[in-house]
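These notes concern the structure reproduced below.
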Amino acid sequence: MAEPTHTPPAEEDTRSAFGWCHWHQGHADGIRLIDVIEQGSGSGITHFACGPCIVANGLVPFADR
Ligand SMILES: [Zn+2]
């Protein structure tokens, strides 16, 4: 009997993601998804914020709710 020894790599921790911060309107490291605004026309609007903006604005990351 073969035991499943396959262990997927830990890719869940993506806190070092690089992208656009909607709060200070610039690129930053460690951005988190803050909000998703559903649009009736199809694609939703996603808002990302960097660490300092999360602290400064008292934001709660979407995944932490
Ligand atoms: Zn920012």
Side-chain angles (χ1 to χ4, degrees):
M1 187 178 288
E3 286 281 329
T5 55
H6 171 77
T7 304
E11 294 180 356
E12 294 298 314
D13 194 359
T14 55
R15 289 171 182 273
S16 62
F18 180 81
W20 181 264
C21 172
H22 287 261
W23 271 260
H24 76 256
Q25 295 289 298
H27 289 99
D29 268 323
I31 60 164
R32 303 286 308 275
L33 176 62
I34 303 300
D35 219 348
V36 179
I37 299 173
E38 300 288 345
Q39 296 252 288
S41 58
S43 61
I45 298 174
T46 53
H47 288 143
F48 289 87
C50 64
C53 286
I54 290 173
V55 174
N57 295 282
L59 303 171
V60 179
F62 191 74
D64 293 351
R65 289 182 190 167

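Quick note: numbers below take in every heavy atom, side chains included, and nothing from hydrogens, waters or symmetry partners. Positions are given from 1 along the sequence.
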Please assess Val36 against Ile45 for the test side-chain contact (heavy atoms from CB on, under 4.5 Å), listing each intermediate value before the final yes or no. CA-CA 6 Å; Val36 179; Ile45 298 174; over 6 Å; no
Between Ile54 and Pro61, which heavy-atom pair has the shortest distance, and what is it? CD1-CG, 4.4 Å
How far apart are the closest heavy atoms of Ala28 and Cys50, and which atoms are they? CB-CB, 3.5 Å
For Trp20 and His27, take the angle between the two ring planes, folded into 0 to 90°, and tell me which bin it lands in: parallel under 30, tilted 30 to 60, perpendicular over 60. perpendicular
Hey, can you tell me if His22 and Phe48 have their rings parallel, tilted or perpendicular (30° and 60° cut-offs)? parallel
So if I apply the side-chain contact (heavy atoms from CB on, under 4.5 Å) rule between Arg32 and each of Val60, Asp64, Leu59, which one comes out positive? Asp64
Which value, rounded to the nearest 0.5 Å, describes the distance between [X] atom [atom1] and [Y] atom [atom2]?
{"X": "Cys53", "Y": "Gln25", "atom1": "SG", "atom2": "CD", "value": "9.5 Å"}
{"X": "Asn57", "Y": "Trp23", "atom1": "CG", "atom2": "CH2", "value": "7.5 Å"}
{"X": "Ile34", "Y": "Arg65", "atom1": "CD1", "atom2": "CZ", "value": "7.5 Å"}

Is the closest side-chain heavy-atom distance between Leu33 and Thr46 below 4.5 Å? yes
